[in-house]
Amino acid sequence: MNSLTKDTKLTIFYILIAFAFSVAMRMVWVYQFSGYAQFMHNGQFMINTNDGYFWAEGARDILAGFHQENDSSSILTAPAKLTAFFATVLPFSFESIIFYMSAFLSSLIVVPIILIAKNLKNLEMGLIAALLASIAWSYYNRTMVGYYDTDMLNIVLPMFLLWSIIWAINTNEDKYLLITAIDILVYRWWYPQSYSLEFSFFGLILLYTLIFDRKNLYNYKLLAIMMFAMMNLSGLVRLPIVLGVFYVLKQPRYDRYIYYIFGISLVAFFISGGFNPIWGQLKGYVFTTSVSSADSGLKLHFFSVMQTIREAGHIPFETFANRISGHTITFLLSLVGYAWLCYKHRIMIFALPMVGLGFLAYVGGLRFTIYAVPVMAMGVAFLITESTRYITDKKSIRYLSYVVFTLAILFPNYKHIEAYRVPTVFNANEVKVLEKLKSKAQREDYVISWWDYGYPIRYYADVKTLSDGGKHSGSVNFPVSFILTHPQQESVKLARLDVEYTEKAFKIQKQNEELNESKKIKLFTNIEEMTKDYGFRDTNDFLLSLQMDMKLPKKTRDIYLYLPHRMLEIYPTIVIFSNLDLMNGSKKSNPFYYVSKNFKETKDSINLGSGVVFSKNNSTIKIRNQVVKLRRIVQTYYDKKMVLHSKVQKLNNNAPLSLIYMSAFKTFLLVDEATYNSLYVQLMVLENYNKNLFEKVIVSPYAKVYKLKI
Ligand code: MG
């Protein structure tokens, strides 16, 4: 340690402080929920992001050494590989690793921030910025404990890239050429969508070179090696190319060829298709219609999932500012500070791509805000350290004001952390059901459920699913929605059909890989293939035929239905996907569906909220001012052996609505006849299943599993 300069020692000290602070703040959640058994599994907290189960499944399969064909396991992805690596070398349980990984990796954000500040000879600014950035609202939300997703390194890696670009431009040292290229390789490996940010950095350096520093050969070396690192080729191909290019660039005798090398890098980038993903992404952001239609065949119209994801949409300015800095005032001061920072240190203009991507959130959706967090934090930190310099020369007063101002900008973010008590994706009761299912089902069997539960089902039960967090287009969701919301007779047939057609499609895709373009078999959506195979030209006719006897495809595996109680809340969303005419895209009228957990009971009525009141005297429902008769009233309850019973009171055979009271959950459900007869309500809420079609496999109040008999 003695050989280190004072500056280096202080840098390391600040990094350690900021890192410890970042991790400690993430332990607030752990402290808040310590001992809460419903959030725990195998003695550890469960994760709180749905997508995390995608990486967890892949890591589990890598460690096991096998997986099933066409199971969508993420074994080839970087997060799964890194997790499996940690699980192999670290002495912690798999559950602990996936739960804490985000807290530790995301806290590395403090390293590039403080290193950049070191370059600007303002280490205190680095420390203040690191403290703020590591816990700022949106960065915290997406990197807290249990937020096991790519976000844990998605900001850390481009910040390291920014750091190496800044040092490269400032020092013109050869080693930063290699560090920049390696960082691009790692960033792309971790997050394949990283090209847009890499490309923005490249564009900015090119602009800077052409305007301010045209004669400096080093800039062209940096640009060339970045281009080679960014080619649209496998990382295993790019790594040796980058190393070879670095070997050449390092030697002054090749300097006279630098313009040729730069030219070759540009050509190589374009020929390898480096620009294609950027172009594709630009096009992909243009979503205008809610119903999409396939380009040939029956031209079916499906409902687009984009409509139901709230993330993509306008956000108020205050939310935007809070998510970047924790408070509107901090955000505005950050803007001033960043402008001042760029004026004093022109090099900080290279941070603009991160700011720009972050500000895209204002129009493009919340998830982008995290990109602006570290740079904006540097802005306000610069303002704090610089403005105090003008006020006083006394070191003690300056340091005291650092502390006061830092605490002030941290405070709103701490308050946010304290209040942000997100639950785990599943609770222990649900996981218990899935683990039991794992012991009964084969790995090749299918479990049908809504796509939200796809990844966790695959992780805990090791089975296959029709849909998940990455596979939920309108055409994939249509059959699943239909199965959950239609009567058992029809649903069971479509379930068998969709599973067999999904597997058949995998087989055809595999055959197609070996065929010439002209011989490839054209594949349409499952529902379209079924319609045509059963001799119909109109999908509505085919769906009607499900009510009649029909010959089903050969059964290749078992099919289970996973029906969690929590699906009650999203039933209206599920219905939308199959409640339309696929031939012309027109939506059918919404079914009546109302859930009430907050109700007030008086002597002669029960107020279910939202203007819905049940009258005890004449057993009618008043919806706002309209009195509606009830067809039946059902009350369900569990006995001591946890067996479900239901008392049905038949009232009026022509009435439209039924009222169900689930006493175990103190929940009322008011539904129309179609919803009452849906598979979900019959099998999950009432356990009223057709014994010729289904076998009851696992029942608990929280989730029920049935197996198809056909
Ligand atoms: Mg599997």
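Atoms within a ligand are numbered from 1 in the order they appear, just like the ligands themselves.
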Quiz item: Which residues satisfy the ring pair (Phe, Tyr, Trp, His ring centres under 6.0 Å) test with Y139, sequence neighbours excluded?
Solution: none

Exercise. Decide, yes or no, whether a salt bridge links K707 with D558 under the criterion of side-chain N to carboxylate O below 4.0 Å.
Key: yes

Exercise. Measuring from the Mg ion (ligand 1), count protein N/O/S atoms under 2.8 Å, please.
Key: 2

Exercise. Under the ring pair (Phe, Tyr, Trp, His ring centres under 6.0 Å) rule, collect the residues that match up with Y455, sequence neighbours excluded.
Key: F54

Quiz item: Would H41 and F426 count as a close aromatic pair, with their ring centres under 6.0 Å?
Solution: no

Compile the donor-acceptor pairs under 3.5 Å between side chains in residues 507-515 and protein atoms, sequence neighbours left out, one pair per line.
from	atom 1	to	atom 2	distance (Å)
K510	NZ	E69	OE2	3.2
N512	OD1	I521	N	2.8
N512	ND2	I521	O	2.9

Quiz item: Which class fits the ring pair Y187 and Y191: parallel under 30°, tilted 30 to 60°, perpendicular over 60°?
Solution: parallel

